[in-house]
Amino acid sequence: MASRGLSEEEALTEMNKMVAFIKQEAQEKAREIKAKLVKQEQQAIDAQYEKKRKGAEVAQKIAQSNLTNKARLRLLSRREEHLQDLFSTARSAISSLSQDSDRYTKFLEDVILQGFLSILEPEVKVFSRPQDVNTAKVAASRAAEGYKSISGKAVSFTVEGTLSGDLAGGVKLVSGSNRISLDNTLDERLRLLEDRMLPEIRKDLFGINENRKFYT
């Protein structure tokens with residue numbers, strides 16, 4: 001028996017069902033797409049925010065580090081100024097030594113004797129400031145006597161006033177063979193003392209440096 005075709009009303013009903021189904025599918029698909037887009041956008045916003053947050057943290061750390069470094073450099077600069085003031089005071093003090101004739105002559109005698117004993121040669125040249133030549137000759141004569149008493153040997157010497165008059169005082173000694181020289185000027189002795197005692201001076205003035213593991 002041949003099947004009966006759909007009436008116009010039935011066909012319209014079926015078509016409406018299909019349209020409703022397609023519309024529902026489209027709406028569900030649209031909701032899925034919208035939810036996906038919203039999620040992606042939120043993730044993008046979160047990523048951008050996180051990037052900016054990390055950037056701000058890095059910038060803050062750099063700024064803080066720069067401020068810390070500047071403060072540290074200012075502190076080191078002030079400390080260095082303080083040390084230079086201290087050394088300048090010491091230089092002024094040693095410069096006054098040559099104004100005391102007796103003390104200065106004894107000082108020259110001691111450093112010249114030290115030079116004779118270090119060089120240990122029969123002939124030594126002694127160099128002093130021009131204004132110290134006579135004092136140096138007296139001191140060298142006494143030092144030569146002390147050298148003979150200690151070593152049992154005689155030493156001959158000459159004194160030349162060729163050192164700069166701007167020096168605080170003292171002498172330089174050169175062996176007769178010119179192979180050995182010894183700088184016993186006040187300026188050089190103070191410089192060596194500054195270098196040797198600088199760590200101790202820094203510790204006394206500014207306390208222990210936590211960044212240093214060893215002290216000499």
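- A donor-acceptor pair under 3.5 Å is formed between the side chain of Thr13 and the backbone N or O of Glu9.
- Taken to the nearest 0.5 Å, the CG atom of Leu192 stands 8.0 Å off from the CG atom of Asp183.
- Checked against side chain to side chain donor-acceptor pair (under 3.5 Å), Asp110 has the following partners two or more places apart in sequence or in another chain: Lys106.
- In the hydrophobic clustering (ILVMFWY side chains linked at under 4.5 Å, chained through shared members), Val58 is joined by Ile62.
- For Asn178, the side chain to side chain donor-acceptor pair (under 3.5 Å) partners at least two apart in sequence or on another chain are Lys125.
- For the pair Phe116/Ile150, no side-chain contact is recorded, criterion being any heavy-atom separation below 4.5 Å from C-beta on.
- Here the closest non-hydrogen pair linking Glu121 and Tyr147 is N-OH, 4.4 Å.
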Side chains of residues 152-172: which donor-acceptor partners sit under 3.5 Å, not counting sequence neighbours?
residue, atom, partner, partner atom, Å
Ser156, OG, Pro122, O, 3.2
Ser164, OG, Asp166, N, 3.1

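- In plain terms, the two heavy atoms of Ile119 and Ser175 that are nearest each other are CG2-CB, 3.5 Å.
- Residues Ser98 and Gln131 have side chains not in contact (no heavy-atom distance under 4.5 Å, counting atoms from C-beta outward).
- Atoms CG and CZ, from Leu113 and Arg142 in turn, are 13.0 Å apart once rounded to the nearest 0.5 Å.
- Applying the side-chain hydrogen bond (donor to acceptor under 3.5 Å, both in side chains) test to every pair with at least one member in residues 52-64, sequence neighbours left out, gives these pairs: Glu50-Arg53, Arg53-Glu57.
- For the pair Glu32 and Lys29, the minimum side-chain heavy-atom distance is below 4.5 Å.
- With rounding to the nearest 0.5 Å, the separation of CG in Leu186 from OH in Tyr104 is 6.0 Å.
- The side chain to side chain donor-acceptor pair (under 3.5 Å) check on Arg191 picks up Glu188, Asp195, with sequence neighbours excluded.
- Asn184 and Gly115 get closest at one heavy-atom pair: ND2-N, 4.3 Å.
- What you find for Ser181 and Val174 is that their closest heavy atoms are CB-CG2, 4.1 Å.
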